[in-house]
Number of protein chains: 2
Amino acid sequence: MSEAIRELLKKNHMSVTDSRLQILDLFYHAPGALAHADIEKKASDKIDRVTIYRTLQTFEEKGIIHTIPSADNSVKYALCKDQCAEGHHHDNHVHFVCDNCSKTICLDDVLVPEVKLPGGFEPHQSNMVVNGLCNECRS
Amino acid sequence: MSEAIRELLKKNHMSVTDSRLQILDLFYHAPGALAHADIEKKASDKIDRVTIYRTLQTFEEKGIIHTIPSADNSVKYALCKDQCAEGHHHDNHVHFVCDNCSKTICLDDVLVPEVKLPGGFEPHQSNMVVNGLCNECRS
DNA sequence: ACAATTTTGCAATTATGTTGCAAATATTAT
DNA sequence: ATAATATTTGCAACATAATTGCAAAATTGT
């Protein structure tokens, strides 16, 4: 079960450690994206704050997770669907943030549409976040 | 000159104070969006950090400025083009963040396109941020 | 000009993020 | 399996960012 997770770490030339296994496990079982604080709370064995920061950073660099921008100073992280190339993310899907339960969800199948920019602007990357009511909170 | 700004404050039932005039003035003359730190630095007369936090918050509530989400924990603020209704923003334009000069610019004429969400999701508000090179940095 | 209300500035507190380094753990080669 | 090497962790210290309560100051309406 955690065998897949071990493989993922090895594939990315990372040592297999308790904290990493635990954090990855959290991501795999989380209903939505996780913030640093969420991980700190949910971890069964206490993981040091600093370790969490560093782990999130290396996971992000390795293309295992990606960041989701927010308007309230609380960046969240979610698993990249298909492994992103190291240092080069290609997560161009829309993110949804529920106004009610405040879950952040990756809409893997909804791609960020292209927009036509004014002359002189050269786009590299686009992010789109939609707020509203998620499928669960609407019922 | 600052007469228009005074009017804006009165129209929104806010007392006219030095810090507010100064902060609004900064926004009107800024090349792009401003973060809390920018305001603290650029203010001619020193304004207390706490006052800046509170002023930004009330401006946002009154619909005078809006927040721009980011992926690096540094929320910025910009003037709402047309007064937004109190507590109800309708700034649905795309924002551009330059990877070089890191200015954040409101592309007032580029509207955030609609996307089709999976069944059950009810959208309320959309945000879109494009990174790349701005018109000045490309030259 | 006065009374009522709002806003400010300070101090204290809490939250968030970063760095250096020694100890612990994991990996590699023998 | 063990030793040598490399990586990762946890702690302490520090730095920055944000929030709260409250008394003093400024603003507004009469």
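In what follows, every chain begins at residue 1, and chains take the letters A, B, ... in the order their sequences are listed. Quick caveat, the model's predicted, so the values are computed rather than measured.
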Quick one: [X] [atom1] to [N] [atom2], roughly how many Å, whole number?
| X | N | atom1 | atom2 | result |
| --- | --- | --- | --- | --- |
| B:Glu40 | D:dA17 | CD | C1' | 10 Å |
| A:Leu9 | D:dT8 | CG | C1' | 12 Å |
| A:Lys10 | D:dT7 | NZ | C1' | 14 Å |

Discussion item. Side chains of B:Arg20 and B:Ser15, heavy atoms from C-beta outward: is any pair under 4.5 Å?
Written reply: yes
Practice prompt. Would you indicate whether the side-chain heavy atoms of A:Val97 and A:Ser70 approach each other to under 4.5 Å?
Written response: no
Do other residues, nucleotides or ligands put more than 12 heavy atoms under 6.0 Å from the [atom1] atom of [X]?
| X | atom1 | value |
| --- | --- | --- |
| B:Lys41 | NZ | no |
| A:Glu114 | CD | no |
| A:Lys116 | NZ | no |

Item to complete: Tell me what A:Asp18 touches on the nucleic acid: a base, only sugar-phosphate, or nothing, going by heavy atoms under 4.0 Å.
Response: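 Result for A:Asp18 = nothing.
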Worksheet item: Near DNA chain C, under 4.0 Å by heavy atom, which residues of residues 42-59 of chain B?
Response: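 Residues of residues 42-59 of chain B that come under 4.0 Å of DNA chain C are, in numerical order, B:Asp48, B:Val50, B:Thr51, B:Arg54.
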Fill in: Bounds of contact between DNA chain C and chain B, in 5' to 3' order, using a heavy-atom cut-off under 4.0 Å
C:dT6 to C:dG17
Worksheet item: If Ile, Leu, Val, Met, Phe, Trp and Tyr residues are connected whenever their side-chain heavy atoms lie under 4.5 Å apart, and connections chain through other members, are A:Ile68 and A:Leu26 in the same group?
Response: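 No, A:Ile68 does not connect to A:Leu26 through the hydrophobic network.
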Worksheet item: the helix from C:dA1-D:dT30 to C:dT30-D:dA1: angle between its terminal axes, five pairs each, to 10°?
Response: 50°
Worksheet item: Does a side-chain N-to-carboxylate-O contact under 4.0 Å join A:Lys81 and A:Asp109?
Response: yes
Discussion item. Checking B:Leu111 against B:Val94 for the side-chain contact (heavy atoms from CB on, under 4.5 Å) test, could you report, in this order, the C-alpha distance in whole Å, the side-chain angles of both residues, the deciding distance, and whether it holds?
Written reply: CA-CA 6 Å; B:Leu111 298 185; B:Val94 172; over 6 Å; no
Worksheet entry | 5' priority, DNA chain D, between B:Met14 and A:Ser19 [closest heavy atom] | A:Ser19
Worksheet item: Parallel under 30°, tilted from 30 to 60°, perpendicular over 60°: which one fits the rings of A:Phe96 and B:Phe121?
Response: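 Taking B:Phe121 first and then A:Phe96, their aromatic rings stand perpendicular (interplane angle over 60°).
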Item to complete: For the pair A:His66 and A:His93, name the ring-plane relationship: parallel under 30°, tilted 30 to 60°, perpendicular over 60°.
Response: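 The arrangement is perpendicular - the two ring planes meet at more than 60°.
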Worksheet entry | Derivation of the side-chain contact (heavy atoms from CB on, under 4.5 Å) call for A:Val130 and A:Leu107 | CA-CA 10 Å; A:Val130 179; A:Leu107 303 177; 5.9 Å; no
Discussion item. Side-chain N or O of B:Thr17 versus OP1/OP2 of D:dA26: is the shortest distance under 4.0 Å?
Written reply: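 Checking B:Thr17 against D:dA26: no side-chain N or O falls below 4.0 Å of OP1 or OP2.
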